[in-house]
Amino acid sequence: MKANSTALTGCPFCGTGCALNVECTENGYKVKGDKTNSSTQGDLCFKPVQMAKALDIHRLTSPLYRSDKTKPFQEISWDEAITILAQNISDLPRNALYFYLSGQLLTEESYLFTKLIKGYLRINNVDANSRLCMATAVVAHKMAFGSDGPVGNYADIDDADAIIISGSNPAWAHPVIFRRILARKKAHPDTKIIVIDPIYTETAQKSDLWIGLSSGSDTTLYNALLAELYRRSACDTVFIDRATEGFEQTLNPAIEIPFAESIASCGLSLNDAKALVELFASQKKILGLWCQGLNQAVDGVMRNLGFINLFLATGRVNAQKGLPLSLTGQPNAMGGREVGYLSNALPGYRDVRNSDDRETCEKHWNLPENTISPTPGITITDAIDAILADEIRFLWVACTNPLLTLPDMKKTERAFNNSELFLVVQDCVLSETASLANLVLPTFSWGEKEGSMTNSERFIKRVRVFKPLPISAKSDSEIVCEVAKRLGFNGFEYPNTKAIYDEYKVLTESRLCDQSTQEYESLSYQWGDKRLYADERFATPTHKAQFHPIISSAPQLNENEFILLTGRTKKQWHTMTRTGNVAELLKDEEAAYLLINESDAKEKGLKEGDIAVIYNELGSLELPIRFGTLAPKHLFAPFGYPQTPINTLVPVLNDPFSSQSALKSAQVTVKPKPINRR
Ligand SMILES: Nc1nc2c(c(=O)[nH]1)N[C@H]1C(S)=C(S)[C@@H](COP(=O)(O)OP(=O)(O)OC[C@H]3O[C@@H](n4cnc5c(=O)[nH]c(N)nc54)[C@H](O)[C@@H]3O)O[C@H]1N2
Ligand SMILES: Nc1nc2c(c(=O)[nH]1)N[C@H]1C(S)=C(S)[C@@H](COP(=O)(O)OP(=O)(O)OC[C@H]3O[C@@H](n4cnc5c(=O)[nH]c(N)nc54)[C@H](O)[C@@H]3O)O[C@H]1N2
Ligand code: SF4
Ligand SMILES: [Mo]
């Protein structure tokens with residue numbers, strides 16, 4: 001890229017998916033919003049602007065290898081690296097192989113991995129960090145609407161009368177979406193912002209009403225609201241009869257519990273809950289947004305469905321009265337879902353269990369009939385167990401840092417250190433996971449590779465190169481193709497990235513995520529139009545949306561224990577491999593902390609700044625105290641900080657429908673750090 005040139009591209013961070021215009025100057029990269037993009041309209045936050053200073057810091061300069069994980073790495077050539085990788089794949093039985101991908105890979109990269117693993121290696125042992133992030137929302141959308149795919153779009157913010165944000169802190173995690181919400185409020189001060197979250201977050205502080213419920217009581221709250229709406233004859237029975245199924249079965253268990261009783265058990269004020277009922281009972285346009293506070297829970301699918309039920313019950317799946325819009329976390333988790341990178345899926349929102357879906361992909365990939373396995377692969381947390389049992393003996397990790405982000409870090413560490421496991425990590429830096437590997441493959445990163453991404457409102461855009469390429473790295477796509485070719489597979493010769501996209505997009509034809517008519521070069525396209533199901537024809541077999549009865553299962557706390565909520569900070573990105581190198585992004589976030597109510601802290605003899613020890617049966621950590629406002633007996637600590645890895649204390653407890661881990665409800669005890677009296 002020459003100095004003084006510009007490239008239109010996408011932000012590598014959150015699922016808001018801002019379209020950017022990066023100018024390459026003699027003094028570095030100037031990152032601005034792309035005003036020509038209709039999805040994010042030129043807006044952006046400080047993360048990509050600041051990140052542009054640190055693109056070359058701590059980059060890997062060569063493939064690294066060691067046959068024995070207790071020995072130091074040796075630098076090797078790419079040719080050797082590809083040979084070693086292909087050899088390890090060939091030497092093992094197929095069911096001993098596992099792949100772990102990322103919602104930060106580009107669509108073309110995830111597509112190639114999917115084609116190699118499911119089509120050519122004939123296994124479905126592949127998962128992505130979306131299992132920790134969006135798996136629950138995927139399952140809930142399939143159950144309620146018949147297919148994955150967020151229903152609404154960002155423009156629904158612009159004329160909403162009320163925006164209910166549950167289990168999501170967009171002021172930190174989706175800043176441009178939050179700015180759009182505040183802009184709506186500024187233009188129309190009557191617009192109500194309501195936040196349902198155990199923490200009085202920055203989002204809650206800027207809202208009209210904070211519903212500070214206890215962790216795990218979402219399902220009780222949503223059921224109570226549904227029942228109360230029915231009692232007040234405020235459900236849209238015409239819509240329910242015309243376009244949905246399952247209402248009665250859903251209502252019956254909910255209506256048995258008196259409203260006041262349910263609300264009290266959530267730790268909420270009756271007046272606040274009544275305000276929610278009145279809002280849903282009105283004709284106002286309500287937009288419902290949610291993210292990890294509903295997804296990362298042992299009853300995550302139930303929480304999602306409970307929230308969606310309120311919209312279905314009041315006829316809110318349209319532009320007029322509003323709709324639900326699930327917020328996606330990573331910049332291209334949507335693209336990964338579309339290409340089918342999870343262990344049960346195939347490209348174009350297809351499923352390995354469906355014979356027509358398998359046949360379509362087999363034909364498209366010129367593979368014989370019955371090549372693709374009809375059995376979903378195991379999910380990542382089960383794969384960790386299988387590694388510990390010596391059943392999985394090869395793990396290829398790309399674009400994710402699972403040592404710090406999977407639950408039960410000590411268990412993950414034991415698995416990665418298993419001498420029977422050959423661990424391959426494909427990353428742009430030596431991440432904590434990479435430092436445990438046998439083979440490390442250095443990749444290009446943001447600004448160095450091209451392709452496409454889909455954002456949280458189903459909008460696809462191009463990602464382009466805007467900086468010089470590190471000499472010793474390769475793109476994720478090139479690595480997959482080279483290994484496939486070394487394994488003797490045809491079908492991985494692509495002259496350019498456009499050819500990969502062109503092959504993939506055919507598989508979306510006539511599917512919900514149809515993008516088959518789009519041109520790669522100029523990709524700027526919202527599949528499914530502004531809103532899905534505008535004709536009320538849902539993707540279920542009967543074309544009706546489905547209510548599902550909600551089973552409540554709030555965790556019981558032992559006396560003296562706290563619920564440990566975990567999540568994000570405002571400026572850091574997950575495990576800090578890139579944002580951790582930027583002083584501006586580290587400010588006030590240099591180290592992890594423990595957020596606690598002042599009264600709870602006092603009871604434990606802790607002041608602001610003191611070091612607390614938090615512990616449970618999995619381990620213990622020391623964190624400095626910060627005061628905040630949370631529901632009683634709740635704590636918060638950010639994840640991703642390598643010095644104080646909070647996932648040490650998070651047990652593996654999965655939602656039974658989605659296998660997504662409950663990352664926000666570990667139970668811990670707190671005490672002051674003992675004074676060292678040496
Ligand atoms: N700055 C920054 N932004 C990011 C990221 C980042 O690392 N840094 N990561 C991106 C990714 S991948 C994701 S998935 C998103 C996540 O975005 P969010 O989901 O908005 O962020 P989190 O901090 O994980 O959690 C959101 C909120 O859920 C609340 N919560 C916890 N338990 C409950 C509960 O039982 N009920 C309810 N109603 N709420 C609960 C927490 O208190 C927290 O405020 O952020 C994206 N954006
Ligand atoms: N306790 C707790 N745990 C959580 C969560 C939580 O809320 N609480 N949230 C979960 C969620 S929602 C998510 S999404 C996960 C995120 O967890 P991870 O995906 O594990 O975290 P990242 O730090 O984003 O890891 C991305 C890695 O990709 C590398 N990378 C960057 N660009 C490229 C590239 O172009 N190619 C390749 N190959 N590598 C690249 C980075 O250096 C980094 O090492 O964490 C989950 N874990
Ligand atoms: S809001 Fe998200 S996508 Fe937009 S610039 Fe900020 S981090 Fe990037
Ligand atoms: Mo995520």
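Both counts, for ligands and for their atoms, begin at 1 and track the order of listing. Start at 1 with the first residue, then count along the sequence. Just so it is clear, the model here is predicted, and its values are computed rather than measured.
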W396 and ring pair (Phe, Tyr, Trp, His ring centres under 6.0 Å): which partner among Y98, Y100, F422, F113?
F113

Ring-face cation of K115 near F492 (centre distance under 6.0 Å, axis angle within 45°)
yes

Among all protein heavy atoms, pick out the one at the shortest distance from atom 18 (P) of ligand 2; state its residue, atom name and that distance to 0.1 Å.
T400 OG1, 3.5 Å

Does a side-chain heavy-atom distance below 4.5 Å link L436 with N417?
yes

Would a distance-only check, ignoring hydrogens and angles, find a side-chain to backbone donor-acceptor pair under 3.5 Å from R464 to L8?
yes

Using distance alone, decide if ligand 2 has a nitrogen or oxygen within less than 3.5 Å of any nitrogen or oxygen in S431.
no

S661-Q296 side chain donor-acceptor pair, cut-off 3.5 Å
no

Contact region, C399 to ligand 2, non-hydrogen atoms below 4.0 Å, reads both

Checking side-chain polar atoms at under 3.5 Å, does Q50 have a donor or acceptor matched by the opposite partner on K47?
no

By side chain to side chain contact (heavy atoms under 4.5 Å, CB included) - contacts of S110 (at least two apart):
L105, V339, Y341

closest protein heavy atom to atom 11 (C) of ligand 2 is R568 NH2, 3.4 Å

Is there at least one pair of N or O atoms, one from A398 and one from ligand 2, spaced under 3.5 Å apart?
no

Should I177 and L327 count as side-chain neighbours, where that means a heavy-atom distance under 4.5 Å?
yes

Can you find a heavy atom in the side chain of P645 that is under 4.5 Å from one in the side chain of L621?
yes

Are a donor atom and an acceptor atom from the side chains of E482 and W78 found within less than 3.5 Å of each other?
no

Which bit of T577 gets closer than 4.0 Å to ligand 2, counting heavy atoms only: side chain, backbone, both or neither?
side chain

I'd like to check whether S102 has a polar contact with ligand 2, where a contact means an N/O of the residue lying under 3.5 Å from an N/O of the ligand.
no

Answer yes or no: does an N/O atom from T575 fall short of 3.5 Å to an N/O atom of ligand 2?
yes

Measure from the side-chain N and O atoms of E589 to the backbone N and O of K571, and report whether any donor-acceptor pair falls under 3.5 Å.
yes

Under 2.8 Å from atom 2 (Fe) of ligand 3, which protein N, O or S atoms are there? Could you list them by chain and number?
C14 SG

Out of L101, N401, L663, L105, who is nearest to atom 25 (O) of ligand 2 when you count heavy atoms only?
N401

Return a yes/no value for W446: is any of its N or O atoms, backbone included, closer than 3.5 angstrom to an N or O of ligand 2?
no

So for ligand 2, is Q292 a polar contact partner (N or O within less than 3.5 Å, distance only)?
no

